[in-house]
Each structure stands twice: as C-alpha cells, then as structure tokens.
Amino acid sequence: MAIEEEILQATLAASQKLYGQAPDVKALQLSATRKEFEGDLTLVVFPLLKLSHKKPEETAEDLGKELVANVEAVSGYNVIKGFLNLCISKSNWIDTVNSIAADPHFGIVEATADSPLYMVEYSSPNTNKPLHLGHVRNNLLGHSVCQILKANGIKVVKTNIVNDRGIHICKSMLAWKLFGNGETPESTGKKGDHLVGDYYVRFDKEYRAQVKDLVAKGMAEDDAKKEAPLMKEAQQMLEKWEAGDPEVRALWEKMNNWVYEGFDKTYKRLGISFDKIYYESQTYLDGKAKVNEGLEKGVFYRRPDGSVWADLAKDGLDEKLLLRADGTSVYMTQDIGTAQQRFRDYNIDKMIYVVGNEQNYHFQVLSILLDRLGFEWGKDLVHFSYGMVELPEGKMKSREGTVVDADDLMDEMIRTAKETSGDKLKDYSAEEVDNIARICGLGALKYFILKVDPRKNMMFNPKESIDFNGNTGPFIQYTYARIRSVIRKAADAGLQVPARLEAKYELSERETQLVQNLASFPQAVKQAGKDYSPAFIANYCYDLAKAYNQFYHDFSILKEENADAQQFRLLLSSLIANTIKTGMELLGIEVPERM
RNA sequence: GGUUGAGUAGCUCAGCUGGAUAGAGCAACAGCCUUCUAAGCUGUGGGUCAAGGGUUCGAAUCCCUUCUCAAUCACCA
C-alpha cells in the first residue's frame with residue numbers, strides 16, 4: 001500500500017477511535033508538506049473539527065499521536081495551526097524508490113481485453129492550403145491526448161477526417177486551371193500543399209478584384225460577391241464534381257494528391273500518425289442517406305422548398321439545416337455520415353473530437369442529432385474544445401496571409417536549436433548534430449504549445465519566437481541528457497546503476513522531495529487522462545526536471561564517497577531520466593542522449 | 001441581444017476536486033563554470049488574482065451582480 005493511502009486509512013481509524021465516528025475519506029486532505037515547514041506529508045485537520053469538537057491544534061495533536069503509534073512509516077509529527085505535518089521514516093522512501101525501480105512500466109497502465117475503445121479524431125485538414133500553427137496545436141493536442149489515454153489503459157483508434165471536397169477546394173482548382181500554366185510541385189520545387197495553397201490565395205486575390213470592379217460599375221457589394229464570374233465558375237465546378245465530371249475529378253485527384261504528399265511530410269516531421277483516415281468525399285453520401293432515414297422516421301422535417309431541417313427547440317436551440325433545397329449536403333450532414341461509417345467500422349465506446357472552440361455550437365448540435373438518430377454514444381461524445389492560437393495582431397487568417405506556416409516554423413525552430421547548441425556538439429557527426437537540433441527544435445515548439453491549458457486561447461509572438469531557456473522543452477530535454485551523461489560516465493568508471501537499494505541510506509530533505517516528486521508520476525498520468533490535459537503532464541515534467549537540476553547542483557554523484565549515497569543517487573537519477581522520457585513521450589516529444 | 005469560454009507580475013503562463021506567506025519562466029539587475037553538460041544554479045525587485053457582494057474556520061478557486069475580451073448564434077466549413 002502506498003504511504004498516503006496507509007495514512008488516510010489510519011486517520012479514519014483514529015477518528016473512529018477518538019471521536020466515535022469517521023469522516024468520508026474524500027473529505028481528508030493529505031499533501032506534500034511545503035518546503036518551509038518540517039515534515040514530508042501534511043494532513044489538514046479542519047474537516048475533522050466537526051467530529052472532534054476540539055481546537056484545531058488539539059485535534060492535530062490527537063491524530064499525530066495515533067498515527068505515530070499505528071503507522072510504522074510515520075516517525076514523528078509537528079503541528080502548526082490546523083496542519084499536521086508528518087515525518088516519514090527514511091527507509092520508507094528507499095522502499096518507494098525500489099518499488100518504482102521494480103516496475104518497468106512505472107506510471108503506465110496497460111490495456112487489457114476488457115479495456116474500452118476510444119476513437120479520437122484530430123487534425124482534420126482542408127486540402128486547399130498547407131498547415132499552419134493553429135493546425136499544429138490541434139495535431140499536437142490530438143496526438144498527446146491519444147498517448148495519455150493509452151497510458152491510462154484505454155484502447156485508442158487515432159483517426160483523421162480529411163475535408164477533401166467542397167467549394168473551397170474548387171477555388172484553388174479553378175485558380176490553378178486559369179493561372180497555373182501547368183505548374184507542378186516538381187516543376188516549381190514547391191511542396192504540393194504549398195503550391196495548392198498559393199492558388200487558393202490567388203483565387204481570393206482575383207476574386208476580390210472582380211468584386212471591386214463590379215462595385216465600381218454600380219453593383220451592390222453583396223450582389224457583386226455572388227455575381228463575380230470566378231465565384232460562379234467555382235460553383236459550376238463543384239456541381240460538375242458532384243455529377244462526377246471526369247475532367248474535374250481528374251484535376252481534383254491530381255491536386256489533392258499533391259496536397260497529401262505535402263501533408264505526409266509535415267505529419268511525419270511532427271511525429272503525427274493515424275490508424276484510420278476518412279475522407280469527406282466518401283462519407284457525405286452516407287450522411288445524406290442517414291438524414292433521409294431520419295426524415296422517414298419523423299426525426300427531421302422537410303420545408304416547402306425541399307430543404308431538410310432538425311427542430312432543436314426542445315433542447316433550447318434553434319433549427320438546424322441538414323440538406324439544402326437542391327439536395328446537396330452541409331458540414332453537419334457529412335459529420336453524420338462519418339459517424340455512421342465509424343460506428344460500422346469499430347466498436348467504439350467513446351468518440352472524442354479534437355476541434356477548435358469556434359465549433360462548440362456545431363458539436364452541441366451534432367451530439368443531439370446523433371442521439372436522435374440512435375447512436376448510443378451520441379449524447380456522450382466528447383468535443384475536446386481547444387482555444388485559438390493568436391498573434392499579436394489578432395487571429396490568423398489564411399486568405400490574408402497572416403498565418404504562421406507549420407513547415408516554416410519547424411525549419412526556424414530547428415535552425416535556432418542548431419545555433420543555440422553552438423560548438424558544444426563539435427565532436428559529433430553532422431548527422432548527429434542535425435538530429436539533436438531536430439529533437440530540440442521540435443521539442444521547444446511542442447512544449448511551448450502543450451504546456452498551455454488546451455481550453456485557453458494562447459499567444460504566439462513570432463518576433464520573440466520560442467525560448468530555449470527556462471520553462472521550455474529543451475530545459476527538460478537537457479535534464480535528461482545531463483542524467484544520461486552522468487550514467488555514461490559512471491559506467492566508464494565501472495559503476496552500474498543498481499537494480500535496487502539494499503542499504504538504509506539517510507536521504508536529505510532535497511532527496512526526499514525528489515523521491516516524492518518522482519513517485520507522483522502515476523497520479524499525474526491519471527489526472528491528465530481524466531482532464532484530457534497534456535498541459536498537466538508538461539507541468540509535471542517541468543517540476544521534476546527543475547527539482548532534479550537543483551539537486552544536481554548541490555549534490556555530487558560520481559565523486560560521492562559514501563557508497564550508499566552514491567548508489568541511491570545513481571538509481572534515483574536513472575529513474576528520473578526514465579520518467580522524463582516517458583512523460584515527454586506522452587507529449588510526443590523526443591529526448592536526446594546528449595545535447 | 002442569446003449562449004459558451006476567458007480575465008492572475010511589464011510579457012507568456014501554472015495554481016488539481018476551497019487550505020499555511022498566490023508560484024514559474026521571460027525581460028531587468030547582482031552573483032556562480034580548472035570540479036558529474038552553464039540550454040544549468042542562486043539572489044533582488046515586480047501582485048487590489050478585472051470590480052463588488054455572498055457562502056465559511058478558511059476563497060485566485062464555489063455562488064450572484066457588473067465590467068472587459070474572445071468564439072458562436074449562416075442554405076460557410
């Protein structure tokens with residue numbers, strides 16, 4: 001039994017004995033003692049006053065005596081106001097270290113045959129432009145949440161729904177057809193997604209010029225936007241696409257494939273992957289079918305113009321369009337179709353959508369609609385709603401070119417990492433140096449994004465860029481590399497990391513705190529899983545690394561003369577390195593052996 | 001206007017289900033490398049936790065009101 005649990009149980013028993021009744025365990029609060037006070041664990045006694053009918057100090061004294069008498073590991077206590085500070089025997093912490101060392105999957109719960117299956121949808125790009133920083137946040141959060149769920153013993157299917165059809169796709173296709181002169185990724189040397197994105201921007205530029213022109217000729221702006229020849233042509237292209245026009249379909253496939261090649265490179269570099277990819281071009285028809293089914297069952301209704309709607313009044317919402325009068329589908333229709341296919345393909349216990357908070361309303365509606373259509377998990381679907389990445393000038397906008405491009409940003413981070421390393425790596429091959437720069441640059445980027453509470457909007461200032469010092473990914477990576485270095489040097493000196501500790505070493509305050517910090521990793525994983533919060537893991541890793549660096553500064557390992565102390569520190573260091581590595585893996589961040 | 005979320009140091013952010021004197025990093029200043037990796041460590045300054053009320057032994061945290069910002073409320077996705 002963990003020491004915390006043992007103390008809580010003993011406290012309940014003590015309360016029963018002394019006061020005739022015990023409180024609910026959940027009312028008890030036991031936490032690490034703040035460093036300005038003596039002791040290791042602190043019990044807050046205020047919740048027990050109602051039972052004891054005594055002053056806080058007296059109650060704490062009562063309980064302190066009982067705990068010392070009944071819990072072997074509790075070696076002493078002191079009372080400050082309503083806080084009972086407990087001193088835990090040194091040998092208990094050695095036992096803790098040994099049990100961590102004996103567990104090859106420390107902090108990780110393995111899935112079993114009975115484990116639930118969660119499907120997590122993330123990334124979900126449009127195939128008309130390259131990925132930007134906003135997408136990066138989505139991808140990193142999605143990937144990390146999957147890792148964290150797996151670490152909590154849940155089976156996970158990582159999925160991506162590619163928005164590969166629609167008017168926006170036709171815009172870049174049309175612009176390429178009109179102005180592209182047959183350009184290809186090969187002929188221009190551009191990544192396919194960037195090439196296509198350029199034509200999406202080009203469309204918007206030409207289109208705006210046409211609108212301006214029409215307005216100058218006296219047309220109202222709203223009409224001009226509808227009447228501009230480019231817009232009409234794009235719409236015609238969409239109709240042809242839906243009708244299966246061979247020429248349009250061929251162009252669509254060609255350009256989408258360029259984009260996919262580009263995306264693949266970006267995903268690979270980011271370390272993102274999927275178990276199953278869905279395409280809206282293959283799910284929207286199912287959506288239509290499902291909506292028609294709902295129509296027959298009376299779940300939805302048809303208006304005189306032929307459009308199909310859902311009435312959400314009894315859920316406190318408005319009416320929602322599901323099929324246009326011309327029979328074409330909208331976003332919601334496609335999401336219903338996608339859900340249908342997923343439900344058919346997998347035995348999903350829970351569906352999690354990693355999608356920005358701008359779509360909160362959409363998912364509120366989707367949940368209700370899926371429920372009405374008979375999907376058991378519909379009303380329990382989770383919209384993992386994350387905040388926007390903002391620039392100092394405000395929101396990023398693709399068409400206005402105010403986006404931070406994902407590929408450019410990664411290049412820049414890696415380049416900066418290389419500069420930062422200076423000549424520290426001059427003994428390594430160019431390949432090794434590049435790999436370390438890659439690990440650190442991406443680590444800085446990923447940590448920067450993941451350390452922030454997902455629900456909140458976050459700020460990215462390109463001018464200040466992303467730091468490599470302080471509370472950053474490289475700081476944590478550095479701590480790992482540092483420990484690995486010590487362990488290599490130890491091996492050179494003939495010192496191995498022990499598998500377990502036999503001696504009764506008297507650890508210092510700082511070492512005790514480090515052990516406690518390390519031992520709380522499983523709780524951090526659990527909490528992160530419960531809250532779907534990579535930020536919780538990020539902050540845990542930082543705290544652990546910070547605490548280790550303080551220890552490292554004040555204590556020697558290789559030069560330590562006391563063999564018990566040395567053995568203890570080697571094992572503790574090694575376990576901390578392993579835990580940092582595991583924690584960073586949950587964030588999708590690699591750690592280097594040296595840097 | 002309705003709904004939802006946010007507001008903590010000059011800046012970027014922590015602060016878990018209410019607990020001790022609200023914490024980090026960056027920026028500024030002052031120190032620490034012939035000694036296990038200085039991407040590190042130590043110290044100084046910096047706060048009306050948006051404002052006001054309430055709940056209680058105790059509130060940045062829970063409740064109410066107000067203010068500010070964001071998203072959303074489309075036959076866009």
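Every value quoted in this text rests on a predicted model; they were computed, and no experiment measured them.
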- Task: Examine B:C76: is either OP1 or OP2 under 4.0 Å from a nitrogen or oxygen in the side chain of A:R324? Give yes or no.
- Result: yes

- Task: Kindly say whether A:E590 contributes a backbone atom to a donor-acceptor pair with the side chain of A:Q477 at under 3.5 angstrom?
- Result: yes

- Item | Pairwise P distance for B:G53 and B:G45, with rounding to whole Å | 31 Å

- Message: Does A:E221 have more than 12 heavy atoms from other residues, nucleotides or ligands lying within 6.0 Å of its CD?
- Response: no

- Please indicate whether A:E58 has more than 12 foreign heavy atoms, meaning atoms of other residues, nucleotides or ligands, lying under 6.0 Å from its CD. yes

- Tell me whether the centres of the aromatic rings in A:F521 and A:Y540 are closer together than 6.0 Å. yes

- Task: For the residue pair A:E280 and A:Y331, confirm or rule out a side-chain donor-acceptor distance under 3.5 Å.
- Result: no

- Choosing from B:C75, B:A39, B:C36, which nucleotide comes nearest the side chain of A:V486? B:C36

- Would you mind telling me which of B:C41, B:U37, B:G19 lies closest to the side-chain atoms of A:P47? B:G19

- Message: With a 6.0 Å cut-off (strictly less than), is the heavy-atom count around CZ of A:R455, excluding the residue itself, greater than 12?
- Response: no

- A:E358 has an atom CD; how far is it from atom C1' of B:A6, in whole Å? 16 Å

- Task: Compute both the distance and the angle, then confirm whether A:R165 meets the cation-pi test with A:W252: under 6.0 Å from the six-membered ring centre, within 45 degrees of the axis.
- Result: no

- Classify the nucleic acid contact of A:S533 as base, sugar-phosphate or nothing, counting any heavy atom under 4.0 Å across all strands shown. nothing

- Minimum-distance nucleotide to A:Q550 side chain [options: B:A39, B:C36, B:U42]: B:U42

- 5'-most contact on RNA chain B (nearest-nucleotide basis), A:K530 vs A:E319, goes to A:K530

- Polar side-chain contact A:T479-B:A39 base: donor and acceptor under 3.5 Å: no

- To the nearest angstrom, the OH-P distance between A:Y386 and B:A71 comes to 15 Å

- Query: When syn is taken as a glycosidic angle within 90 degrees of 0, is B:C69 syn or anti?
  - Reply: anti

- Query: Looking at the side chain of A:I80, which of B:A20, B:A77, B:C16 is the nearest nucleotide?
  - Reply: B:A20

- Task: Could you give me the CA-CA distance, side-chain angles and deciding distance for A:D311 and A:K320, then say whether salt bridge (Lys or Arg N to Asp or Glu O under 4.0 Å) is met?
- Result: CA-CA 7 Å; A:D311 184 358; A:K320 186 75 192 173; over 6 Å; no

- Item | Distance-only side-chain donor-acceptor flag, A:E511 / A:S508, under 3.5 Å | yes

Between the protein and nucleotides 21-23 of chain B, list every N/O to N/O distance that falls short of 3.5 Å.
from, atom 1, to, atom 2, distance (Å)
B:G23, OP1, A:R34, NH2, 3.4

- What about A:N549: does its side chain form a donor-acceptor pair under 3.5 Å with the base of B:A38? no

- Message: Checking A:D164 against A:T127: is there a side-chain donor and acceptor pair closer than 3.5 Å?
- Response: no

- Task: Let me know the distance between OH of A:Y284 and C1' of B:A77, rounded to the nearest Å.
- Result: 16 Å

- Determine the interatomic distance between C1' on B:A24 and the same-named atom on B:C62; round to the nearest Å. 26 Å

- Message: Expressed as a whole number of angstroms, how long is the span from A:N469:CG to B:A24:C1'?
- Response: 14 Å

- Query: What nucleotide, of B:A24, B:A77, B:C36, holds the atom closest to the side chain of A:K489?
  - Reply: B:C36

- Side chain of A:Y361 only, please: which of B:U72, B:U37, B:U42 is the nearest? B:U72

- How far does the P atom of B:U17 sit from the matching atom of B:A28, given to the nearest Å? 36 Å

- Per A:R482 side chain, nearest of listed nucleotides B:G25, B:A77, B:G40: B:G40

- Message: For A:R482 and A:Y548, which I'm curious about, is there any donor-acceptor pair between the side chains at under 3.5 Å?
- Response: no

- Query: Among B:G40, B:U4, B:A39, which is the nearest nucleotide to the side chain of A:T420?
  - Reply: B:A39

- Answer yes or no: is there a donor N or O on one side and an acceptor on the other, between the side chain of A:T479 and the main chain of A:F475, under 3.5 Å? yes

- Task: Could you tell me whether A:E593 contacts a base, only the sugar-phosphate backbone, or nothing, with contacts defined as non-hydrogen atoms closer than 4.0 Å?
- Result: base

- Query: In whole Å, what separates the P atom of B:A50 from that of B:C16?
  - Reply: 14 Å

- Query: Going by ring centres under 5.5 Å and near-parallel planes (under 30°), is A:F46 stacked on B:G19?
  - Reply: yes

- Using atom C1' of each nucleotide, how far apart are B:C26 and B:A39 to the nearest Å? 14 Å

- Task: Quickly work out the A:D453 CG to B:G15 P distance and round it to whole Å.
- Result: 6 Å

- Does A:S144 reach the main-chain N or O of A:L141 with its side chain, forming a donor-acceptor pair under 3.5 Å? no

Dump the pairs, protein N or O against N or O of nucleotides 7-12 of chain B, anything under 3.5 Å, distances to one decimal.
from, atom 1, to, atom 2, distance (Å)
B:G7, OP1, A:K456, NZ, 3.3

- Is A:S385 touching bases, backbone alone, or none of the nucleic acid, heavy atoms closer than 4.0 Å? nothing

- Query: Should stems be defined as at least three consecutive Watson-Crick or G-U pairs with both distances under 3.5 angstrom, which of them involve RNA chain B?
  - Reply: B:1-7 with B:67-73, B:10-13 with B:23-26, B:28-32 with B:40-44, B:50-54 with B:62-66

- Message: Rounded to whole Å, please give me the gap between CE in A:M388 and P in B:A71.
- Response: 9 Å

- Item | Side chain of A:F475 (C-beta onward), nearest among B:A20, B:G40, B:U37 | B:G40

- Message: OP1 or OP2 of B:C16 versus the side-chain N and O atoms of A:K526: is any pair under 4.0 Å?
- Response: no

- Message: Rounded to whole Å, please give me the gap between CD1 in A:I466 and P in B:A39.
- Response: 19 Å

- Message: If stacking means aromatic ring centre less than 5.5 angstrom from the base's six-membered ring centre, planes under 30°, is A:F83 stacked on B:A20?
- Response: yes

- Note on the structure: dist A:D531:CG -> A:K526:NZ (nearest 0.5 Å) comes out at 12.0 Å

- Distance between the P atoms of B:A77 and B:U12, in whole angstroms? 35 Å

- Query: Can A:Y386 and A:N138 be counted as having a side-chain donor-acceptor contact under 3.5 angstrom?
  - Reply: yes

- Start at the 5' end of RNA chain B and walk down; is the nucleotide closest to A:Q364 or to A:A535 reached first? A:Q364

- B:U72 and B:A9, which share atom name P, separated by this distance in whole Å: 27 Å

- Message: Tell me if the CD atom of A:E561 is crowded by more than 12 foreign heavy atoms within 6.0 Å.
- Response: no

- Message: Work out how far the P atom of B:U66 is from that of B:G23, and round it to whole angstrom.
- Response: 33 Å

- Donor-acceptor pair present, A:K424 side chain and B:U37 base, under 3.5 Å: yes

- Task: Between B:A38, B:A71, B:A70, spot the one nearest the side chain of A:N457, thanks.
- Result: B:A70

- Query: Between A:Y331 (OH) and B:C75 (C1'), how many Å, whole number?
  - Reply: 17 Å

